[in-house]
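Contents: one structure, followed by commentary.
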Protein chains: 4
Amino acid sequence: MSSRGPRAVRFRSSSCGRKWSADMTSETHDVNAVVRGARAEFREKQIVDAAVRLMQTKGSHAVSMQAIAKSAGVSVGLLYKYFSDREQIVLAAITRVLEDFRLRVPAVIEATEDPVHRIIAAFTEFCQVVDDHRQAVVLTYQTSRSLSRAGLASIQSQELATLQPLIDVVAEAADKGDLHEVDASTLGHNLMTLAHMWALKHWYFQQTQVSLGQYIDRQVRTVVLSNLSDSARKRVKLN
Amino acid sequence: MSSRGPRAVRFRSSSCGRKWSADMTSETHDVNAVVRGARAEFREKQIVDAAVRLMQTKGSHAVSMQAIAKSAGVSVGLLYKYFSDREQIVLAAITRVLEDFRLRVPAVIEATEDPVHRIIAAFTEFCQVVDDHRQAVVLTYQTSRSLSRAGLASIQSQELATLQPLIDVVAEAADKGDLHEVDASTLGHNLMTLAHMWALKHWYFQQTQVSLGQYIDRQVRTVVLSNLSDSARKRVKLN
Amino acid sequence: MSSRGPRAVRFRSSSCGRKWSADMTSETHDVNAVVRGARAEFREKQIVDAAVRLMQTKGSHAVSMQAIAKSAGVSVGLLYKYFSDREQIVLAAITRVLEDFRLRVPAVIEATEDPVHRIIAAFTEFCQVVDDHRQAVVLTYQTSRSLSRAGLASIQSQELATLQPLIDVVAEAADKGDLHEVDASTLGHNLMTLAHMWALKHWYFQQTQVSLGQYIDRQVRTVVLSNLSDSARKRVKLN
Amino acid sequence: MSSRGPRAVRFRSSSCGRKWSADMTSETHDVNAVVRGARAEFREKQIVDAAVRLMQTKGSHAVSMQAIAKSAGVSVGLLYKYFSDREQIVLAAITRVLEDFRLRVPAVIEATEDPVHRIIAAFTEFCQVVDDHRQAVVLTYQTSRSLSRAGLASIQSQELATLQPLIDVVAEAADKGDLHEVDASTLGHNLMTLAHMWALKHWYFQQTQVSLGQYIDRQVRTVVLSNLSDSARKRVKLN
DNA sequence: AATGAATGAGTTTTCATTCAT
DNA sequence: GATGAATGAAAACTCATTCAT
């Protein structure tokens with residue numbers, strides 16, 4: 001909580017990568033810079049991996065810097081070489097997960113043709129990613145309040161980036177007349193919300209014996225199919 | 001560890017001596033007990049109010065017992081007279097909100113006749129309660145990990161109690177043929193989820209300039225009306 | 001630890017007993033005073049009993065004023081009506097035990113004729129008292145350091161009073177020529193010491209399966225009989 | 001709760017990176033480890049010394065971790081780097097003293113030939129050690145109640161180890177016919193007890209102006225010489 | 001005389017952060 | 001670059017003591 005003026009990097013030192021050392025003169029320097037960049041990346045990964053691992057089991061508050069260092073196999077001091085703050089590590093851990101959404105969901109959308117199937121595929125993949133990082137998703141909801149304004153904003157903007165594909169895909173289907181009078185951003189946001197809920201209320205679904213497959217199936221029926229226009233409904237039903 | 005609850009302390013008053021109170025009428029006893037009970041209730045409210053107030057702004061973890069005491073205008077010691085534990089205060093804060101759901105939502109349902117309107121009314125009121133305790137709802141999602149097993153179970157069972165009326169009201173409409181092939185528990189849970197989201201993603205709705213009324217309206221269209229059977233749709237549309 | 005100027009009695013209010021109210025005028029006053037004195041005595045006993053009871057099981061440090069009050073069936077406030085301090089209660093508890101030594105050991109001595117048998121009887125009874133208050137004896141050794149200078153002095157002078165009869169009885173036997181070149185105060189103190197040890201090292205004697213009777217017997221042989229003069233030895237052996 | 005002992009932390013040094021220390025000779029490693037070990041030992045001594053120093057004057061309960069830290073010239077946090085618990089420090093303080101008994105008493109016994117002189121030498125040295133750690137011995141008696149079961153057991157078994165040489169030396173003399181019908185474990189235990197008493201009742205001996213030398217002398221006469229057989233008595237008297 | 005609610009300084013323990021090596 | 005010993009502020013919780021009733 002106290003932050004007695006850290007003189008450290010503020011943004012993770014991946015910025016000392018290949019590109020920014022281009023203006024350096026000697027070859028040797030270049031090579032060193034590359035090595036340094038690679039090492040830095042490796043270290044960051046090592047640390048964030050450890051952090052994610054621990055936070056998923058114990059919640060972010062229960063994980064100390066000492067524990068992260070130990071689990072990552074590095075010293076506490078090194079943590080502060082790569083991250084200016086405890087918060088930066090938490091942020092990096094959350095970012096790691098959100099990046100997964102940004103990569104995997106659009107990929108699945110690309111691979112699908114039909115607008116309605118695109119919605120279903122996107123939602124399905126979204127749920128899959130949630131399931132792959134269940135604890136980390138919960139972490140996102142838990143941690144928000146303890147982040148700095150800047151950190152929170154960063155997470156929020158990244159989350160919007162994961163939401164956009166869902167909205168887009170809904171909007172596209174609406175444009176094509178496959179959805180019946182629907183507000184794309186509402187439905188898109190709902191899809192994200194309901195995917196997140198798979199993690200947030202996992203205790204409930206476990207208790208009521210609902211598997212991920214069943215969950216996806218029921219949600220598709222309840223929130224997607226119910227909004228299809230008659231034509232789309234017929235077309236999709238046939239598949 | 002022990003969870004005798006705050007009330008445990010309150011009624012240990014049998015220790016108020018036998019012999020020396022012989023001259024007391026039972027009236028006096030009653031009055032004392034009542035006064036004591038009233039004070040205790042007042043204190044509890046005072047403390048929980050302070051706790052909720054602080055936790056809403058800073059998240060439950062960032063609020064110390066010292067801070068709660070100060071904000072409630074009492075001493076730290078007194079906190080422990082009424083609550084055995086830090087957790088008990090958090091629990092009481094959450095319970096306070098969940099009780100509001102248990103009271104207000106069924107009341108609105110009772111007051112409504114038509115099955116479909118019951119769903120809409122229930123959801124609307126649910127959203128209203130969420131809005132009235134927005135920060136406390138967020139608290140519920142944030143806190144889960146730091147509660148003891150018993151505390152968590154208590155919260156979960158209370159939450160199920162708030163969920164049930166929504167499921168019932170959906171099931172009733174489904175029974176009456178007003179809903180088109182719908183899984184009542186899925187739709188019911190979705191209604192709760194989407195109401196919670198009004199609190200959880202409030203930053204998003206604020207950013208996109210969506211008011212509570214608009215939010216409710218759009219959700220009713222997107223998740224309720226879309227699932228109506230043709231007959232119900234016609235009937236409701238007319239209103 | 002902090003003692004922010006208690007305005008209270010300093011010496012336990014048994015001093016407001018019968019005698020000191022003799023100068024009071026009206027009969028009614030006298031009766032009241034007597035009643036008051038009796039009540040005071042009863043209260044003190046009640047409190048000290050509770051304190052001894054608790055301290056014997058948990059050690060004096062582990063017993064809070066709240067616990068004493070509860071166990072005595074009175075309020076915390078009342079504790080401070082009869083004792084100015086926590087220390088006064090501890091002191092009273094220890095004094096209670098030491099008084100037992102002062103009463104019982106001399107009584108046994110009186111009842112015995114032969115000088116050597118007096119030593120043995122005195123030691124035996126001393127051990128019996130220790131056994132009757134085993135935990136309280138331990139308490140005496142444990143508590144010493146946490147008492148005020150005055151409290152410690154009080155305990156020490158009382159302990160000397162329990163020691164004296166042992167020394168006297170040894171000196172008497174020495175005078176009569178029953179002991180062989182012995183320093184009375186050393187032997188007397190040893191007898192007290194070894195009796196205390198029955199409490200202090202009770203874990204050891206329990207482990208090595210030594211009963212109180214055996215312990216007394218062995219000590220009598222080892223430290224008393226070994227010091228007898230030839231004449232005394234013959235005389236005692238015959239019994 | 002865990003009692004991995006202070007040393008546990010010390011040798012986790014395998015975490016000092018592999019790759020980046022490749023240029024280190026094993027010499028460097030060794031030196032680092034040695035330095036670290038030496039520092040750790042120094043720190044432990046520093047802390048225990050401070051603890052003993054304070055506890056001797058105020059009793060173990062009255063000494064806070066803050067006070068120990070301050071007196072040792074280190075931070076509170078560091079205390080917990082070397083000792084998992086408050087109890088571990090108390091334990092270490094007591095153990096320190098008991099180790100002195102284990103070393104010094106047998107050494108003196110070895111250096112003496114005659115069985116009776118061995119007893120006397122052993123007791124004398126035992127008393128010397130007590131005198132060197134007078135306050136710490138008192139600590140041992142005071143602290144027992146506040147230790148965990150495991151801690152208490154540890155202390156007790158260490159104490160038995162200090163007792164054994166005394167019992168052995170008495171048994172040896174008894175075997176050789178130098179003692180007259182004596183129970184070795186009783187006499188041995190008495191010697192320990194009376195040595196401890198030099199510390200426990202130091203106020204008494206100070207008051208009665210008994211020096212350590214006098215004390216030892218009188219006890220030797222009262223409990224050792226008195227139990228000698230005639231032959232041994234003659235032999236020893238001549239020296 | 002008796003109560004017990006209220007106090008708050010004090011206790012042990014944790015952990016983010018720094019810095020000499 | 002890397003270490004990890006060291007720091008100390010802050011947290012949860014306890015309890016002797018006071019005082020209005």
Side-chain angles (χ1 to χ4, degrees), chain A residues 1-8 36 39-40 43 63-70 74-82 84-87, chain B residues 9-10 12-13 15-17 19-21 23-24 32 35-36 39-40 43 61 63-67 69 74-82 84-87, chain C residues 1-8 36 39-40 43 63-70 74-82 84-87, chain D residues 9-10 12-13 15-17 19-21 32 35-36 39-40 43 61 63-67 69 74-82 84-87:
Chain A
M1 250 120 260
S2 74
S3 54
R4 283 164 286 158
R7 48 172 193 156
R36 225 180 298 130
R39 172 147 65 197
R43 285 303 201 192
V63 178
S64 69
M65 296 298 271
Q66 272 85 355
I68 295 173
K70 190 176 173 183
V74 300
S75 67
V76 219
L78 200 63
L79 259 41
Y80 286 86
K81 282 277 176 355
Y82 289 93
S84 63
D85 234 33
R86 190 183 187 284
E87 175 168 326
Chain B
V9 186
R10 231 191 278 159
R12 229 198 324 89
S13 52
S15 62
C16 75
K19 286 147 197 157
W20 308 275
S21 56
D23 56 351
M24 288 179 178
N32 282 350
V35 166
R36 225 176 297 128
R39 170 149 53 196
R43 285 302 197 194
H61 266 288
V63 178
S64 69
M65 295 300 270
Q66 292 279 0
V74 300
S75 69
V76 210
L78 201 64
L79 258 41
Y80 288 88
K81 281 264 165 39
Y82 291 94
S84 62
D85 234 35
R86 191 183 187 288
E87 174 168 329
Chain C
M1 249 119 263
S2 75
S3 54
R4 283 165 285 159
R7 44 167 194 159
R36 224 179 299 129
R39 172 146 66 197
R43 285 304 202 191
V63 178
S64 69
M65 296 298 271
Q66 272 85 355
I68 294 173
K70 190 176 174 184
V74 300
S75 68
V76 219
L78 200 63
L79 259 39
Y80 285 86
K81 282 278 176 352
Y82 290 94
S84 63
D85 234 35
R86 190 183 186 285
E87 175 169 325
Chain D
V9 187
R10 232 192 276 159
R12 230 197 325 88
S13 52
S15 61
C16 77
K19 288 147 195 155
W20 307 275
S21 58
N32 281 351
V35 166
R36 225 177 295 127
R39 170 148 53 197
R43 285 301 198 195
H61 267 287
V63 178
S64 69
M65 296 299 270
Q66 293 280 359
V74 300
S75 68
V76 213
L78 201 64
L79 259 40
Y80 287 87
K81 281 264 163 43
Y82 291 93
S84 61
D85 232 39
R86 192 185 187 288
E87 174 167 328

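Scope of the values below: all heavy atoms of this structure, side chains included, with no hydrogens, waters or symmetry mates. Every chain is numbered from 1, with letters handed out A, B, ... down the list of sequences. This structure is a prediction, so every number in the text was calculated from the model and none was measured.
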> Between C:G77 and D:V74, which is nearer to the 5' end of DNA chain F once each is assigned its nearest nucleotide?
Replying inline: D:V74

> Closest nucleotide of DNA chain F for C:S64 versus for A:Q66: which of these residues is on the 5' side?
Replying inline: A:Q66

> So does D:R39 get a side-chain nitrogen or oxygen closer than 4.0 Å to the phosphate oxygens (OP1/OP2) of F:dG4?
Replying inline: no

> Can you check the D:L79 CG to E:dT11 P distance for me, whole Å?
Replying inline: 14 Å

> A:K81 has an atom NZ; how far is it from atom C1' of F:dG4, in whole Å?
Replying inline: 11 Å

>> Is the phosphate of E:dG4 approached by C:S75 (side-chain N or O, under 4.0 Å from OP1 or OP2)?
In response: no

> For F:dT21, which nucleotide in any strand shown is its Watson-Crick or wobble partner with both distances under 3.5 Å?
Replying inline: E:dA2

> How close or far is atom P of F:dA5 from atom CE of A:M65, stated in whole angstroms?
Replying inline: 17 Å

> Given atom OH of C:Y82 and atom P of E:dA1, what is their separation to the nearest angstrom?
Replying inline: 6 Å

>> Using the side-chain heavy atoms of B:R86, tell me which of these nucleotides is nearest: F:dA16, E:dT13, F:dC13.
In response: F:dC13

> Considering Watson-Crick and G-U wobble pairs with both distances under 3.5 Å, what does E:dT12 pair with?
Replying inline: F:dA11

>> For F:dA2 and A:R43 - does any side-chain N or O of the residue sit under 4.0 Å from the phosphate oxygens OP1/OP2?
In response: yes

>> Consider side chain to side chain contact (heavy atoms under 4.5 Å, CB included). Of C:Q66, C:M65, C:R43, which one does C:L79 pass it with?
In response: C:M65

> For the pair made of CG in D:D85 and C1' in E:dT14, what is the distance, rounded to whole Å?
Replying inline: 13 Å

>> Side-chain N or O of A:Y80 versus OP1/OP2 of F:dA2: is the shortest distance under 4.0 Å?
In response: no

> Roughly how many Å is it from NZ in A:K70 to P in E:dC15, rounded to a whole number?
Replying inline: 13 Å

>> Working to the nearest 0.5 angstrom, can you tell me the gap between C:S64 OG and C:K70 NZ?
In response: 9.5 Å

